[in-house]
Amino acid sequence: MRTTAVRATRVRLTTLGLGAAPAGNLYRATTDEEAHATFEAAWAAGIRYFDTAPHYGLGLSERRLGAFLRTRPRDEVVVSTKVGRLLVPSPETAHRSDPDVFEVPAIARRVWDFSRDGVLRSLEASLERTGLDRVDVVYLHDPDDHWEQAAHEALPALVELRDQGVVGAVGAGMNQSAMLTRFVRETDVDVVMCAGRFTLLEQPALADLLPAAAERGVAVVAAAAYNSGILAYDAPPPDATYDYAPAAAGLLERARRIAAVCEDHGVTLPQAALAYVRTHPAVASTVVGLGTPEQARQAGERAAARVPAALWQALADAGLLAEAAVPDE
């Protein structure tokens with residue numbers, strides 16, 4: 001699978017990356033064996049970029065991903081994790097379920113911490129959970145309400161680790177483009193992960209983040225290319241999800257109209273969704289949450305599908321894609 005370099009770092013990301021939130025029991029309980037088989041299928045598909053976070057299943061995702069990657073050549077894979085949520089042991093709630101979206105016991109509670117000490121403690125804990133000797137990319141995780149501390153304490157701590165060679169690249173990951181644009185313009189990030197804001201269904205990042213990233217040479221990882229589910233089907237069903245909630249009727253209708261134009265051009269909606277985010281030169285990789293071996297195999301096939309450039313113009317002509325979003329031939 002083709003790779004793209006992240007700024008002036010040693011990190012190279014495969015075109016498609018695996019998001020390991022499902023390995024943390026996102027929405028449903030899975031087994032160690034199923035997670036391992038999913039990672040194996042992704043590896044077989046050529047994926048060499050794996051993204052995780054302490055938040056995903058209160059560390060379960062990191063533990064499962066680390067167990068798999070310890071069976072593979074370390075220099076052949078890029079691993080990213082995140083800082084900003086410390087996991088504090090909570091034995092008094094271990095008999096309950098995690099109040100978040102992960103089907104795990106509440107053995108810990110998440111505590112926001114973008115201090116220098118919090119960053120160092122979080123990264124050390126991630127290395128312990130994964131059992132790896134290093135992580136290649138570290139993102140600030142959802143610092144929406146913590147700009148001052150994240151930009152002036154957490155990020156400088158990560159930059160120092162990068163400059164010491166402890167980590168390969170640093171950045172931030174969010175579900176919005178505005179603050180990511182601030183990180184790109186005002187700090188020394190190498191890469192940002194933008195979830196759901198540059199997709200076939202919506203493109204607000206075209207107005208701020210992507211131009212800024214292209215100007216500054218910062219790599220963009222486009223996550224949630226399916227907008228959490230609605231674009232993952234050839235024909236979006238009535239119960240399709242958008243941003244982790246039931247999709248509104250208007251969004252569902254728009255997605256179905258996009259799917260119809262895709263079908264007219266001989267491609268499926270998911271194939272087009274993965275292809276579209278790669279049209280912008282600032283996008284280095286697309287991370288997709290994969291929870292089963294079949295999903296991993298399917299993602300590899302979809303990413304390899306040939307999508308005609310005429311599709312983007314047809315969608316624009318139908319009022320389903322902004323004119324500014326249509327890439328050059």
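Remember, it's a predicted structure, so these values are computed and weren't measured experimentally.
- Take Arg12 and apply the salt bridge (charged side-chain N to carboxylate O under 4.0 Å, His left out) test, not counting sequence neighbours, and it matches no residue.
- Annotation: side chain to side chain donor-acceptor pair (under 3.5 Å) contacts of Arg85 (sequence neighbours excluded): His141, Asp142.
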Could you walk me through whether Glu62 and Ser126 satisfy the side-chain hydrogen bond (donor to acceptor under 3.5 Å, both in side chains) test, starting with their C-alpha distance in whole Å, then the side-chain angles of each, then the deciding distance to 0.1 Å, before giving a yes or no? CA-CA 7 Å; Glu62 288 187 319; Ser126 290; 2.7 Å; yes
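- With sequence neighbours excluded, no residue forms a salt bridge (charged side-chain N to carboxylate O under 4.0 Å, His left out) with Arg302.
- Shown here are the side chain to side chain donor-acceptor pair (under 3.5 Å) partners of Arg182, two or more places apart in sequence or in another chain: Glu186.
- In this view, Glu76 and Trp43, Arg48, Pro73 satisfy the side chain to side chain contact (heavy atoms under 4.5 Å, CB included) rule, not counting sequence neighbours.
- Looking at residues two or more places apart in sequence or on another chain, you find no salt bridge (charged side-chain N to carboxylate O under 4.0 Å, His left out) involving Glu103.
- In this pair, Phe102 and Tyr56 present their aromatic rings tilted. The plane angle is within the 30 to 60° band.
- The hydrophobic cluster containing Leu13, built from Ile/Leu/Val/Met/Phe/Trp/Tyr side-chain heavy atoms closer than 4.5 Å, also comprises Val6, Val11, Tyr49, Val78, Val137, Tyr139, Val191, Met193, Val221, Val287.
- The pair Arg64-Glu33 fails the salt-bridge criterion, with no side-chain N (NZ, NE, NH1 or NH2) lying under 4.0 Å from an Asp/Glu carboxylate O.
- Under the salt bridge (charged side-chain N to carboxylate O under 4.0 Å, His left out) criterion, Asp113 pairs with no residue, sequence neighbours left out.
- With 3.5 Å as the limit, one finds no donor-acceptor pair spanning the side chains of Thr9 and Asp190.
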Just distance, no hydrogens or angles: give the donor-acceptor pairs under 3.5 Å from side chains in residues 227-236, sequence neighbours left out.
{"residue": "Asn227", "atom": "OD1", "partner": "Thr199", "partner atom": "OG1", "Å": "2.6"}
{"residue": "Asn227", "atom": "ND2", "partner": "Gly196", "partner atom": "O", "Å": "3.1"}
{"residue": "Ser228", "atom": "OG", "partner": "Asp243", "partner atom": "N", "Å": "2.9"}
{"residue": "Ser228", "atom": "OG", "partner": "Tyr244", "partner atom": "N", "Å": "2.7"}

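- Gln295 and Thr38 are not linked by any side-chain donor-acceptor pair at a separation below 3.5 angstrom, with hydrogens and angles left out of the test.
- Checked against a 6.0 Å centroid threshold, the rings of Trp147 and Phe114 do not count as neighbours.
- Follow the hydrophobic side-chain contacts under 4.5 Å out from Val167 and you reach Leu155 in the same cluster.
- Legend: residues meeting side chain to side chain contact (heavy atoms under 4.5 Å, CB included) with Arg116, ordered by chain and number and at least two apart, are Leu120, Ala157, Glu160.
- Remark: Arg70 CZ is packed, more than 12 non-hydrogen atoms of other residues, nucleotides or ligands lying under 6.0 Å away.
- Legend: ring-ring contact (aromatic ring centres under 6.0 Å, His included) pairs involving residues 15-42, not counting sequence neighbours, sorted by first then second residue: His36-Phe68, Phe39-Phe68.
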Full working for side-chain hydrogen bond (donor to acceptor under 3.5 Å, both in side chains) between Thr52 and Ser61: CA-CA 6 Å; Thr52 184; Ser61 173; 2.8 Å; yes
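- Residues forming a side chain to side chain donor-acceptor pair (under 3.5 Å) with Thr93 (at least two apart in sequence, or on another chain): Ser90.
- The 12-atom threshold is not exceeded at CD of Glu263, counting heavy atoms of other residues, nucleotides or ligands nearer than 6.0 Å.
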